[in-house]
A.B. asks: 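Dropping the structure in here first, questions after.
Chain letters run A, B, ... following the sequence lines, proteins first, then strands; residues in each count from 1.
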Amino acid sequence: MRIATWNVNSVKVRKDRVVAWLRQHRPDALCLQELKTTDEAYPAEAVRAEGCDSAVFGQKAYNGVALISPHAITRVVRGLGDGKEAPWLVGDDEVERLVGDEAARLPGESGDAAAQLLGEARLIGGEIRGVTVFSAYFPNGRSVGAPTYEAKLAWMGRLLGVLEDRFDPKDPLVLAGDFNVAPHDSDAKNPEKWAGSVLCHAGARDALERIREWGFVDVVRKHHPEGGLYSWWDYRQLGFPKNDGLRIDHVFATAPVAERSAGAWVDRDQRKGTKTDKPSDHAPVVADFDL
DNA sequence: ATGGTTGCTTAGCAA
């Protein structure tokens with residue numbers, strides 16, 4: 001079973017790339033982030049022409065996540081529900097869009113920012129071939145100390161709460177996506193340059209480590225413990241030509257899935273090319289399982 | 001270098 005994640009930075013601009021990638025690499029599950037469009041404008045027909053189903057949680061202009069699979073995608077849930085409606089337990093034929101209504105616990109601007117994040121299209125889950133797969137677009141945070149950074153950490157805490165409330169680490173579960181966190185210094189070409197950024201700050205790393213400790217294996221790290229693999233390079237300042245990258249896109253798997261992992265890799269080819277080739281600033285991250 | 005580039009939406013924001 002091949003599970004991949006790709007922040008496409010506009011699915012409309014990247015449609016032909018996504019279709020070609022599906023054809024070439026035939027993932028059993030592809031998690032997309034930053035669709036930057038509504039459900040209605042999502043190119044479902046082009047994906048279907050490749051024999052794949054889509055489950056989409058879109059949003060105008062920003063965010064937006066999707067699951068793509070050649071297999072049936074069941075038990076689809078959208079958003080970070082607050083648990084009252086048991087959002088992860090809806091029936092197969094139901095498609096619920098549930099948004100948390102729990103008032104953000106943070107005060108002031110941070111609380112406002114946190115509440116706003118809970119309403120954004122950043123998480124979609126579904127069951128594919130017996131594995132629960134989430135496509136997640138963690139908040140960026142903008143800058144350390146900003147209300148949006150506090151809100152990022154709160155969002156991550158909320159995600160951990162959903163895992164604790166609704167799932168068991170013994171479940172076959174994959175959390176994949178753009179986590180906007182590089183967990184280790186070896187996940188950056190220039191760790192000193194990024195040390196103070198929201199992508200590498202201790203607070204974000206701690207919050208991600210708490211999620212991982214709940215019961216995940218970082219599958220790429222398992223197969224490349226030395227680091228040096230990156231998944232995102234800034235469009236600015238020749239990020240990719242200088243390989244000034246960070247590994248912020250991840251495939252986390254619970255033990256029953258992770259113990260069957262056979263390899264993991266980053267498709268850097270998708271980040272290559274000139275302006276006219278229109279690459280995303282992220283490359284696909286791929287994990288293969290004997291499942 | 002409060003720079004640089006890309007995308008969405010229309011001049012400013014987000015990443």
A.B. asks: For A176(A), which residues count as a side chain to side chain contact (heavy atoms under 4.5 Å, CB included) partner, sequence neighbours excluded?
C.D. replies: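 Per chain and number, A176(A) pairs via side chain to side chain contact (heavy atoms under 4.5 Å, CB included) with T5(A), C31(A), V174(A), V251(A).
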A.B. asks: Please give me every residue in residues 139-148 of chain A whose heavy atoms get under 4.0 Å of an atom in DNA chain B, ordered by residue number.
C.D. replies: N140(A), R142(A)
A.B. asks: Check salt bridge (charged side-chain N to carboxylate O under 4.0 Å, His left out) between D168(A) and all other residues, then give those that pass, not counting sequence neighbours.
C.D. replies: K170(A)
A.B. asks: What is the distance, rounded to the nearest whole Å, between atom CG of N9(A) and atom P of dG7(B)?
C.D. replies: 6 Å
A.B. asks: Using whole Å, report how far CG of D281(A) lies from P of dA14(B).
C.D. replies: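 Roughly 17 Å, once rounded to whole Å.
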A.B. asks: What N/O pairs connect the protein and nucleotides 2-4 of chain B at under 3.5 Å? Give each pair on its own line.
C.D. replies:
unit_1 : atom_1 : unit_2  : atom_2 : d
dG4(B) : N2     : Q237(A) : OE1    : 3.3

A.B. asks: Using heavy atoms to find the nearest nucleotide of DNA chain B for P279(A) and H282(A) separately, return the residue whose nucleotide is more 5′.
C.D. replies: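 The residue mapped nearer the 5' terminus is P279(A).
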A.B. asks: Would you kindly give the CG-to-C1' distance between D277(A) and dT5(B), to the nearest whole Å?
C.D. replies: 16 Å
A.B. asks: I need the minimum non-hydrogen distance between A204(A) and V198(A), along with the two atoms involved.
C.D. replies: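 Looking at all heavy atoms of both residues, the closest pair is CB-O, 3.7 Å.
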A.B. asks: Roughly, in whole Å, what's the span from CZ in F138(A) to P in dA15(B)?
C.D. replies: 15 Å
A.B. asks: Nearest-Å distance, CG (L35(A)) to P (dG7(B))?
C.D. replies: 15 Å
A.B. asks: Does anything in residues 13-25 of chain A pair up under salt bridge (charged side-chain N to carboxylate O under 4.0 Å, His left out), and if so which pairs, sequence neighbours excluded?
C.D. replies: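 Output for this query lists R23(A)-E50(A).
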A.B. asks: Which residues satisfy the ring-ring contact (aromatic ring centres under 6.0 Å, His included) test with Y149(A), sequence neighbours excluded?
C.D. replies: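 Residues passing ring-ring contact (aromatic ring centres under 6.0 Å, His included) with Y149(A): H201(A).
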A.B. asks: Would you kindly give the CH2-to-P distance between W233(A) and dT6(B), to the nearest whole Å?
C.D. replies: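 After rounding, the reported distance stands at 16 Å.
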A.B. asks: Tell me which pairs pass salt bridge (charged side-chain N to carboxylate O under 4.0 Å, His left out) where either residue lies in residues 139-152 of chain A, with sequence neighbours left out.
C.D. replies: none
A.B. asks: Work out how far the P atom of dT9(B) is from that of dA15(B), and round it to whole angstrom.
C.D. replies: 14 Å
A.B. asks: Need one value for F240(A): base, sugar-phosphate or nothing, where a base atom within 4.0 Å counts as base even if backbone is also close, heavy atoms only.
C.D. replies: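 Counting heavy atoms under 4.0 Å across all strands, no contact is made by F240(A).
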A.B. asks: Phosphate oxygens OP1/OP2 of dT6(B): is one of them under 4.0 Å from a side-chain N or O of S10(A)?
C.D. replies: no
A.B. asks: In this structure, how many angstroms lie between the C1' atom of dC8(B) and the CZ atom of R14(A), rounded?
C.D. replies: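 Between C1' of dC8(B) and CZ of R14(A): 12 Å.
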A.B. asks: Once you round to the nearest 0.5 Å, how far does CZ of R271(A) lie from CH2 of W232(A)?
C.D. replies: 9.0 Å
A.B. asks: Could you give the CG-to-P distance, from N7(A) to dC8(B), as a whole number of Å?
C.D. replies: 12 Å
A.B. asks: Which whole number of Å gives the distance between the C1' atom of dA11(B) and that of dA1(B)?
C.D. replies: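 Looking at atom C1' only, dA11(B) and dA1(B) are 23 Å apart.
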A.B. asks: Just say parallel, tilted or perpendicular for the rings of W233(A) and Y230(A), cut-offs at 30° and 60°.
C.D. replies: perpendicular
A.B. asks: Strictly by side chain to side chain donor-acceptor pair (under 3.5 Å), give each pair with a member in residues 246-265 of chain A just once, sequence neighbours left out.
C.D. replies: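 The answer is D187(A)-R247(A), D218(A)-R247(A), K222(A)-S261(A), H223(A)-S261(A), S231(A)-D249(A), R247(A)-H250(A), D249(A)-H282(A), W265(A)-D288(A).
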A.B. asks: Does dA15(B) have OP1 or OP2 sitting under 4.0 Å from an N or O in the side chain of K36(A)?
C.D. replies: no
A.B. asks: Among dA15(B), dG7(B), dT9(B), which is the nearest nucleotide to the side chain of K60(A)?
C.D. replies: dT9(B)
A.B. asks: K12(A) side chain N/O closer than 4.0 Å to the phosphate oxygens (OP1, OP2) of dG7(B)?
C.D. replies: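 Indeed not, no polar side-chain atom of K12(A) lies that close.
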A.B. asks: Among dT6(B), dA15(B), dC8(B), find the nucleotide with the atom closest to the side chain of E34(A).
C.D. replies: dA15(B)
A.B. asks: If a pair satisfies salt bridge (charged side-chain N to carboxylate O under 4.0 Å, His left out) and one of its residues is in residues 124-141 of chain A, list it, with sequence neighbours excluded.
C.D. replies: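 Found D28(A)-R129(A), R75(A)-E127(A).
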